[in-house]
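Take a look at the structure set out below.
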Amino acid sequence: QVQLVESGGGLVQAGGSLKLSCAASGSVFSIDSMGWYRQAPGKQRELVATITSGGSTNYADSVKGRFTVSRYNAKNTVYLQMDSLKPEDTAVYYCQFDMRFSSWSDRMSYWGKGTRVTVSS
């Protein structure tokens with residue numbers, strides 16, 4: 001059974017940096033898009049950044065210029081480098097992969113369990 005395991009969350013002061021990682025365990029044929037989402041207390045989950053298998057990226061306006069998403073395909077891993085963090089970035093961050101388990105299988109969406117990021121002012 002494939003699982004997504006996130007790491008790298010924690011407590012940081014405003015202006016600081018954190019780097020999140022998310023790796024898929026188990027056997028995977030291919031991973032199409034990878035992404036990061038976040039959910040702040042009392043708010044809906046929102047997109048932070050995505051990256052396609054070809055390396056095209058997309059960012060929420062609120063994080064453009066501060067966050068960088070990247071992927072290391074050989075390790076089925078996606079990263080989120082977060083710089084110039086603000087208190088409003090405080091949330092639980094979730095990774096999401098669209099994966100295939102064979103050349104003929106449908107694409108399936110998997111989510112991690114989340115990692116908490118707290119930015120103090």
Side-chain angles (χ1 to χ4, degrees):
Q1 184 76 356
V2 173
Q3 291 184 324
L4 302 188
V5 180
E6 297 125 331
S7 61
L11 173 64
V12 64
Q13 288 189 330
S17 298
L18 282 175
K19 186 173 184 177
L20 306 182
S21 301
C22 176
S25 64
S27 179
V28 178
F29 176 75
S30 66
I31 302 176
D32 297 336
S33 66
M34 297 174 162
W36 289 96
Y37 294 74
R38 67 186 181 187
Q39 187 166 17
K43 295 187 176 181
Q44 289 188 332
R45 190 172 298 188
E46 63 177 4
L47 180 145
V48 176
T50 61
I51 183 167
T52 69
S53 57
S56 296
T57 58
N58 180 52
Y59 295 93
D61 288 343
S62 59
V63 307
K64 281 181 181 177
R66 300 188 298 121
F67 290 10
T68 303
V69 63
S70 61
R71 61 191 284 169
Y72 186 20
N73 292 328
K75 292 192 174 183
N76 292 336
T77 300
V78 67
Y79 304 97
L80 185 68
Q81 176 67 44
M82 304 185 293
D83 299 317
S84 302
L85 282 160
K86 303 175 181 180
E88 51 263 44
D89 294 318
T90 295
V92 177
Y93 284 70
Y94 299 89
C95 61
Q96 184 268 335
F97 289 6
D98 287 331
M99 298 188 285
R100 299 179 191 270
F101 298 97
S102 68
S103 59
W104 60 86
S105 66
D106 292 332
R107 188 172 57 196
M108 297 182 68
S109 179
Y110 277 70
W111 290 83
K113 294 184 178 180
T115 184
R116 186 174 301 276
V117 172
T118 303
V119 184
S120 63
S121 57

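Everything quoted here is computed from the prediction, not taken from an experiment.
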Under the rule for salt bridge (charged side-chain N to carboxylate O under 4.0 Å, His left out), what residues qualify as partners of [X], not counting sequence neighbours?
| X | answer |
| --- | --- |
| Lys43 | none |
| Glu88 | none |
| Asp61 | Lys64 |
| Arg66 | Asp89 |

### Query
Is there any salt bridge (charged side-chain N to carboxylate O under 4.0 Å, His left out) pair reaching into residues 12-34, and which pairs are they, with sequence neighbours excluded?
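Sorted result for residues 12-34: Asp32-Arg100, Asp32-Arg107.
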
Residues that [X] engages under side-chain hydrogen bond (donor to acceptor under 3.5 Å, both in side chains), provided they are two or more places apart:
| X | answer |
| --- | --- |
| Ser120 | none |
| Asn73 | Arg71 |
| Glu6 | none |
| Ser62 | Arg38 |

Within the 4.5 Å heavy-atom criterion, are [X] and [Y] side-chain neighbours or not?
| X | Y | answer |
| --- | --- | --- |
| Phe101 | Val2 | yes |
| Cys22 | Leu4 | yes |
| Gln96 | Ser109 | yes |

### Task
Run through the side-chain heavy atoms of Ile, Leu, Val, Met, Phe, Trp and Tyr, join any pair under 4.5 Å, and report what else lands in Val92's cluster.
Tyr37, Leu47, Tyr94, Trp111

### Query
Does any pair with a residue in residues 72-93 pass ring pair (Phe, Tyr, Trp, His ring centres under 6.0 Å), and if so which ones, sequence neighbours excluded?
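Pairs touching residues 72-93 that pass the test: none.
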
### Message
Which residues pass the side chain to side chain contact (heavy atoms under 4.5 Å, CB included) test with Thr52, not counting sequence neighbours?
### Response
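In terms of side chain to side chain contact (heavy atoms under 4.5 Å, CB included), with neighbours along the sequence ignored, Thr52 is linked to Ser56.
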
